[in-house]
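Lettering of chains follows the sequences in order, A, B, ..., and the numbering in each one begins at 1. Heavy-atom basis, side chains included; hydrogens, waters and symmetry copies ignored. Because the structure is a prediction, the values reported are computed rather than measured.
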Amino acid sequence: MQPFTERVIGVIRGIPAGCVMTYGQVAAAAGSPRAARQVVRILHSSSAKHDLPWHRVVNKNGEIAIREEEGNYTQRLLLEEEGVTFDPAGRIDLSEHAHTPEEDMGFER
DNA sequence: GCCATGGCTAGTA
DNA sequence: GCCATGGCTAGTA
């Protein structure tokens, strides 16, 4: 497993229940601000194997990014169980629920 | 070549 | 709706 992948996994593990991070925020916290797409790939391919709180990562608008067949409803349910609320448009208020890592784990630049 | 982004234009109303 | 981005994996040699 490559260093960046490990860092991304570490960042995602650090998101507490009831909070979310965007793909871009995770990438930035892992030290590579433009690698949001890579975060997507990591979640897509290996979220299950690493026992990640995959449901706590959403897109820039605070929306669940996956489609119905991919588990959109499951993700919403998991978040709601943690106390995350959605507006009528299906968006999360990021100013309320966004997690900003305190230490940035030393990967910020 | 993948990918569950993100930031931008084009084009409709 | 288009396309640059980027770290990685699959698969060939």
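Using a 4.5 Å heavy-atom cutoff, the side chains of A:Val84 and A:Glu96 are not in contact. Using a 4.5 Å heavy-atom threshold, the side chains of A:Asn59 and A:Thr22 count as separate.
At least one donor-acceptor pair closer than 3.5 Å links the side chain of A:His97 to the backbone N or O of A:Gly18. Distance alone, capped at 3.5 Å, places no donor-acceptor pair between the A:Glu82 side chain and the A:Ala17 backbone. Between the side chain of A:Asn61 and the backbone N or O of A:Glu63, no donor-acceptor pair lies under 3.5 Å.
Helical stems involving DNA chain B, defined as 3 or more consecutive Watson-Crick or G-U pairs under 3.5 Å, span B:1-3 with C:6-8, B:5-8 with C:1-4.
Remark: P of C:dC8 and OH of A:Tyr23 are 19 Å apart, rounded to the nearest angstrom. One atom, CD of A:Glu6, and another, P of C:dT9, lie 11 Å apart when rounded to the nearest Å. Protein atom CD of A:Glu63 is 16 Å distant from nucleotide atom P of B:dA4, rounded to whole Å. Rounded to an integer number of Å, the gap from A:Glu68 CD to B:dA4 C1' is 14 Å. Atom CG of A:Leu43 is separated from atom C1' of C:dG7 by 14 Å (rounded to the nearest Å). Taking atom CD on A:Gln25 and atom P on B:dA4, their separation rounds to 20 Å, with Å as the unit. Taking atom CZ on A:Arg34 and atom C1' on B:dT5, their separation rounds to 14 Å, with Å as the unit. Here B:dA4 presents its C1' atom at 11 Å from CD1 of A:Ile64, a figure rounded to the nearest Å.
Note that A:Arg91 lies outside the cation-pi zone of A:Phe86, set by a 6.0 Å cut-off to the ring centre and a 45° limit from the axis.
Phosphate proximity of C:dG6 to A:Ser32: absent, as no side-chain N or O sits under 4.0 Å from OP1 or OP2. A close approach under 4.0 Å does not occur between any side-chain nitrogen or oxygen of A:Ser45 and OP1 or OP2 of B:dC2.
Side-chain atoms of A:Ala35 lie closest to C:dG7 of the nucleotides B:dA4, C:dG7, C:dC8. For A:Lys60, counting side-chain heavy atoms from C-beta on, the closest listed nucleotide (B:dA4, B:dG6, C:dC8) is B:dG6. Side-chain proximity of A:Val40 to the nucleotides C:dG6, B:dG6, B:dA4 is greatest for B:dA4. Nearest nucleotide to the side chain of A:Ile66, out of B:dA4, C:dG7, B:dG6: B:dA4.
Residue A:Arg37 is in base contact, counting any heavy-atom pair closer than 4.0 Å across all strands shown.
Other residues, nucleotides and ligands contribute over 12 non-hydrogen atoms within 6.0 Å of the CZ atom of A:Arg13.
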